[in-house]
**Student:** 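Sharing a structure here in structure tokens format.
Letters A, B, ... mirror the listed sequences (proteins, then strands); counts begin at 1.
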Protein chains: 2
Amino acid sequence: MNSTLKDIARELGVSVSTISRVVNNKTYVNPKTRKIVLEGLKKFNYMPNQVARSLKKQSTGTVGIVVPDISENFFTEIIKGIDEVLGKKDISIVLADSSESAQKETNYLKLLYQNRIDALILATVSKNHDALDIYNSNNIPVIFIDNMPDNDHNFDSVIIDNNKASLLAVNHLIENNHRDIAIIVGSPDETTGYERLNGYRRALEQHNIIIDEHLIQYGNYKEDSGYQCMKALIQNRKDHPFTAIYIGSEMMTYGAIKAIKEYDFRIPEDIALVGFDVHDKSGLITPGITSVRQPENYIGKTVANLVINRLKEKKGNSHMNPVYQHIVLEPSLEIRKSSNNRDL
Amino acid sequence: MNSTLKDIARELGVSVSTISRVVNNKTYVNPKTRKIVLEGLKKFNYMPNQVARSLKKQSTGTVGIVVPDISENFFTEIIKGIDEVLGKKDISIVLADSSESAQKETNYLKLLYQNRIDALILATVSKNHDALDIYNSNNIPVIFIDNMPDNDHNFDSVIIDNNKASLLAVNHLIENNHRDIAIIVGSPDETTGYERLNGYRRALEQHNIIIDEHLIQYGNYKEDSGYQCMKALIQNRKDHPFTAIYIGSEMMTYGAIKAIKEYDFRIPEDIALVGFDVHDKSGLITPGITSVRQPENYIGKTVANLVINRLKEKKGNSHMNPVYQHIVLEPSLEIRKSSNNRDL
DNA sequence: GTGAAAGCGCTAACAC
DNA sequence: GTGTTAGCGCTTTCAC
């Protein structure tokens, strides 16, 4: 069995507080006793009980992360970035996967609160954030990534400029002589859907292209919805023709391509394509897919530093700086074969 | 601020223990007081402090998972399987990424112990498991996945039959008329390396093919090592010719293909290829890669059920059943274009 | 059926 | 420089 401070204190004939002092080496301890204690700790292989510590200190040294899907590279790369920074500060991470379910997300928010995480990083899929009230009222920092919350902004956030992301994508297609450009995008209830659609509209308007609302399809980020949306577009092609498509997520991109292939259209010759967040770890995806990319690692590091600052503030004043930070990072466009038919 | 049992007790004029009773609804409580208490709990939006609970109960309801790389689909799919089962039992998961570093792994084992996880699921990259002694002596179940520990087997495990995996892969190549088959495999210090190499040898021996030791390359599971190993094989090709290659991990497979392409060899015409754990989420990898596949979701669920059983045992006897379980699951072979040149 | 009280393992005043 | 003690929030035994 594991020994506690009390056990060791009894054994060594010193008080618990003395041992606690050398374990945490804060106050000065007589070098002689310190040595005795250190040997005792080693002998008993003392491992502090973090649970007891957390209870006493009212802080667990843990931050919670909730994402919709840990098998998406986009999220795992962010998590790694976060981990790189927080690990150095001895802050542990508790990771939860909401499986794109608002209900599960809410449950996790409660669960994590009960576990008294020191801060929360949230890639929300929900419109309702009442579960965050308890974080607010207990002064626990919450930082949004990927998606912003609906109404009030009592939280920090780190996202990319989704509007600009779409401008990059659509302008690129326009430069490649496309004017009839369709889009498959997430629900406008989420900022990632709303802002990306916005950018699409703006790009077209800037080039005086009249927007055909039939070329706009709303998906749910999953592969099958990309497939279904693409099918719908293709079936309407007679009345609402298009030569290019812009798709707002990785899995929907793969689904859409599946549909395109089923109808024997060629990419990019018949349909030029720009995706979003496409990670080709294999380097073998054919055709290479032009895609909007986000700086995942940097997002992760930025979020982590924000967390650290918030935690530092809290230790100081006891009240957080009420000015919330909304950090907006730059997306980029990775150009591959799928969009390039300038030579036709 | 958050209210505690004490706060609410004072407010309602009942004792702390009564409230605790209705919160956990174990003992019978007078329906009238129960009602009063329930209303009070709602009014104050009571959220139990899991830290205090854990300290008192000497159990956190949390299991730790340590994997070498959360961006590998192999691991995230396992984690999802685990989560599906444990989530239903209200057991939370703490996830740690050791980044393929034995040092980091050891640190996490200590950290997780200090956080008093109730059980540990470990995909080890280390040869030294001294850090697990403390788990052993405190009766905390440890379950290995993917790799087995070096010497003693005081732990449960859930792995696939790696030997058989190689038989599937190599026999398939032999059936496609290959006899000079190279291999890139993980370090023989790990069971995933050792057993996969073993199976490779056995398959060749069973077909009376003399093994050319020069065709055996040891990598470290990362992409670049696949690339380097493949390059080495190609450069020795004059003296040690081969027409097919079997590669023991996903990222090494991609690295190896990169090298093959650099030398302008064709797959499968010049070099037929079988990979391991290749996940093609896009469905667009060209050529399609024949690969050994593991039942990740099922592995996850199996591990989770083992955890649950161990925890149940512990609650009962206080001593765990000393018979350790080593569950071995079946790999399968997913056949695609990369290995198929039977028609040549 | 309910309350009082001990105690999980630790930290941090406060005394000396 | 070190020990004593209270208490973090909770569960659970033991009285009544």
**Student:** Ignoring hydrogens and angles, answer whether the base of D:dG1 and the side-chain atoms of A:R34 contain a donor-acceptor pair closer than 3.5 Å.
**Tutor:** no

**Student:** Does C:dG9 have its OP1 or OP2 closer than 4.0 Å to a side-chain nitrogen or oxygen of B:Q58?
**Tutor:** yes

**Student:** Quick one: A:L41 CG to C:dC10 C1', roughly how many Å, whole number?
**Tutor:** 14 Å

**Student:** At under 4.0 Å between heavy atoms, what does A:T18 touch on the DNA or RNA strands: base, sugar-phosphate, or nothing?
**Tutor:** sugar-phosphate

**Student:** Over all strands shown, is B:T33 touching base, sugar-phosphate only, or nothing at heavy-atom distances under 4.0 angstrom?
**Tutor:** sugar-phosphate

**Student:** Once you round it to whole Å, what is the distance between C1' of D:dG1 and CD1 of A:I19?
**Tutor:** 15 Å

**Student:** If you compare every side-chain N and O of A:Y46 against the phosphate oxygens of C:dC10 (OP1, OP2), does one of them come in below 4.0 Å?
**Tutor:** yes

**Student:** Closest nucleotide of DNA chain C for A:T4 versus for B:N30: which of these residues is on the 5' side?
**Tutor:** B:N30

**Student:** Looking for any heavy atom pair under 4.0 Å, which part of the strands does A:V51 touch: base, sugar-phosphate only, or nothing?
**Tutor:** nothing

**Student:** Would you kindly give the CG-to-P distance between B:N24 and C:dT2, to the nearest whole Å?
**Tutor:** 16 Å

**Student:** Please tell me whether A:Y113 and A:N138 have a donor and an acceptor in their side chains that are separated by less than 3.5 angstrom.
**Tutor:** yes

**Student:** Can a side chain N or O of B:R21 be found less than 4.0 Å away from OP1 or OP2 on C:dT2?
**Tutor:** no

**Student:** Taking A:T18 for the side chain and A:V14 for the main chain, is one N or O donor matched with an acceptor at less than 3.5 Å?
**Tutor:** no

**Student:** Taking any heavy-atom pair under 4.0 Å as a contact, classify B:S17: base, sugar-phosphate, or nothing.
**Tutor:** base

**Student:** Rounded to whole angstroms, how far apart are CG on A:L55 and C1' on C:dG7?
**Tutor:** 12 Å

**Student:** Determine the sole option in A:I159, A:L122, A:I78 for which the side-chain contact (heavy atoms from CB on, under 4.5 Å) test with A:I145 is passed.
**Tutor:** A:I78

**Student:** Just the rounded figure in Å: distance from P of C:dG9 to CG of B:N138.
**Tutor:** 11 Å

**Student:** What is the distance, rounded to the nearest whole Å, between atom NZ of A:K56 and atom P of D:dG7?
**Tutor:** 9 Å

**Student:** Assess the residue pair A:Y135 and A:H129 against the criterion (ring-ring contact (aromatic ring centres under 6.0 Å, His included)); give the C-alpha distance rounded to whole Å, side-chain angles, the decisive distance to 0.1 Å, and a yes or no.
**Tutor:** CA-CA 11 Å; A:Y135 287 84; A:H129 295 108; over 10 Å; no

**Student:** What's the spacing between B:L120 CG and B:L132 CG if we round to 0.5 Å?
**Tutor:** 6.5 Å

**Student:** D:dT12, C:dG3, C:dG9: which one has an atom nearest the side-chain heavy atoms of B:K57?
**Tutor:** D:dT12

**Student:** Using whole Å, what does the distance between atom P of nucleotide D:dT4 and atom NZ of A:K6 come to?
**Tutor:** 13 Å

**Student:** Expressed as a whole number of angstroms, how long is the span from B:N49:CG to C:dC8:P?
**Tutor:** 18 Å

**Student:** So, does A:S20 get its side chain near the phosphate of C:dT11, meaning an N or O under 4.0 Å from OP1 or OP2?
**Tutor:** yes

